[in-house]
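What follows is a single structure, written as structure tokens, with notes after it.
Just so it is clear, the model here is predicted, and its values are computed rather than measured. Count residues from 1 along the sequence.
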Amino acid sequence: MAMAGRIRSSLPLLSRMMAAAADSLSGQRCALSRALLCPTVSKAEVSRSYSTDLAKKGDKVKVPLVLYGGSGNYASALYLAAVKANTLDKVESEFVDLVEASERSATFSQFMKDLTVPADIRVKAVNAICDEAKFSEITKNFLVLLAENGRLRHLDDIVKKFRELSMAHRGEVKAIVTTVIPLPPEEEKELKETLQEVIGKGKKVNLEQKIDPSILGGLVVEFDMKVFDMSIVTRAKQMERFLREPMNDLI
């Protein structure tokens, strides 16, 4: 992916910035850590600092899901701004690429999690990455906000919540199926069609596969706050309880 390549090309610059920042941390380390570890950000504060113009113009943009916590507040503010700018799909794609790039780069991952990097260094690095990757203004401004507020370390969680809002906006329902090995295409298609019938018309199933050898076999399906556990390990536990019950009754 071209964007992923542009993100990777900006990482050497990030390394130089982090090296320069290390020389100036001795007098700032304790105070900065305290400031970043204990921030409290309300949805109103995030909205004022990022998407104030929504309220000014009187547009009635609402989030499709109510999310809680600091990450939920940030995700909601990002969603409102992206919808208002009619760039929701583009912003979502950019953040997915950014998270994937951070997972592949130890330097980027360290930068995101390091509480001792000064705010000005964080902002400069974020601006450089966004310019190199040619991110949209919505994405760039939001990342700068996270950098200024010491919230880059929460990016993964924020993006997950933001994607929940994007999916809800499109009428999609995320279903997670856990198996021991990947489902063959025909079985995946059949499962998706079955879930679609259960969920009903007007919504689209977005199926995500997870691999977990510990379930031994069968599958576990999660969607809409429901869990259908048809794994072998769960069946074995149920059988064990069933076999023990008569013995317990005789004691």
Side-chain angles (χ1 to χ4, degrees), residues 1-41 45-52 69-82 85 87-88 90-163:
M1 186 180 291
M3 183 178 293
R6 293 196 296 269
I7 294 174
R8 286 195 297 271
S9 69
S10 66
L11 294 181
L13 174 61
L14 175 59
S15 297
R16 292 195 295 273
M17 288 182 171
M18 291 182 67
D23 296 333
S24 64
L25 290 179
S26 57
Q28 305 175 32
R29 190 176 300 270
C30 294
L32 182 62
S33 295
R34 286 195 299 270
L36 298 184
L37 280 169
C38 306
T40 54
V41 182
E45 289 170 336
V46 174
S47 298
R48 282 197 298 271
S49 63
Y50 185 62
S51 55
T52 307
S71 295
N73 294 340
Y74 275 95
S76 298
L78 176 60
Y79 169 84
L80 292 172
T87 57
L88 184 62
K90 179 176 177 57
V91 169
E92 182 180 10
S93 176
E94 290 173 342
F95 274 102
V96 169
D97 287 339
L98 183 63
V99 169
E100 290 178 352
S102 70
E103 291 174 349
R104 292 193 297 266
S105 168
T107 299
F108 196 11
S109 180
Q110 177 189 352
F111 166 72
M112 302 279 280
K113 297 175 182 178
D114 194 345
L115 298 177
T116 61
V117 177
D120 61 328
I121 299 296
R122 290 197 302 268
V123 171
K124 287 180 182 178
V126 163
N127 276 315
I129 292 171
C130 290
D131 290 343
E132 184 68 27
K134 295 180 171 54
F135 282 153
S136 64
E137 285 300 307
I138 294 291
T139 297
K140 180 178 179 179
N141 292 342
F142 188 77
L143 286 171
V144 168
L145 175 68
L146 295 184
E148 290 175 339
N149 292 349
R151 292 274 176 165
L152 284 173
R153 66 192 187 278
H154 299 302
L155 182 64
D156 284 3
D157 193 37
I158 292 172
V159 172
K160 286 179 182 178
K161 288 180 167 57
F162 172 68
R163 295 197 70 190

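With hydrogens and angles ignored, the 3.5 Å screen pairs a side-chain donor or acceptor of Arg122 with a backbone N or O of Val117. In terms of modelled atom types and a separation under 3.5 Å, the side chain of Thr139 and the main chain of Phe135 share no donor-acceptor contact. Remark: the backbone N or O of Leu146 is not paired with any side-chain donor or acceptor of Arg151 at under 3.5 angstrom. In this structure, Ser105 contributes its side chain and Phe108 its backbone to a donor-acceptor pair below 3.5 Å.
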For this session: Carefully, step by step, assess Asn149 and Tyr74 under the rule side chain to side chain contact (heavy atoms under 4.5 Å, CB included).
Result: CA-CA 11 Å; Asn149 292 349; Tyr74 275 95; 3.0 Å; yes

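In summary, of the residues considered (Leu143, Val144, Leu145), a side chain to side chain contact (heavy atoms under 4.5 Å, CB included) with Val123 occurs for Val144 alone.
If you check the side chains of Glu103 and Ser109, you find no donor sitting under 3.5 Å from an acceptor.
Atom OG of Ser93 is separated from atom CG of Leu88 by 11.0 Å, given to the nearest 0.5 angstrom. The line from CD of Glu148 to CG of Asp120 is 10.5 Å long, rounded to the nearest 0.5 Å.
His154 and Ser71 get closest at one heavy-atom pair: CB-OG, 4.0 Å. The minimum heavy-atom distance between Ile138 and Ala81, with the atom names listed, is CD1-O, 3.9 Å. Scanning all heavy atoms of the two residues, the minimum distance from Ala75 to Phe162 falls at CB-N, 3.6 Å. Of all heavy-atom pairs between Ser136 and Lys90, the closest is CB-CE, 3.8 Å.
Salt bridge absent: Lys160 and Asp156 never bring a charged side-chain N and a carboxylate O closer than 4.0 Å. Under a 4.0 Å N-O distance rule, the pair Glu92/Arg163 qualifies as a salt bridge.
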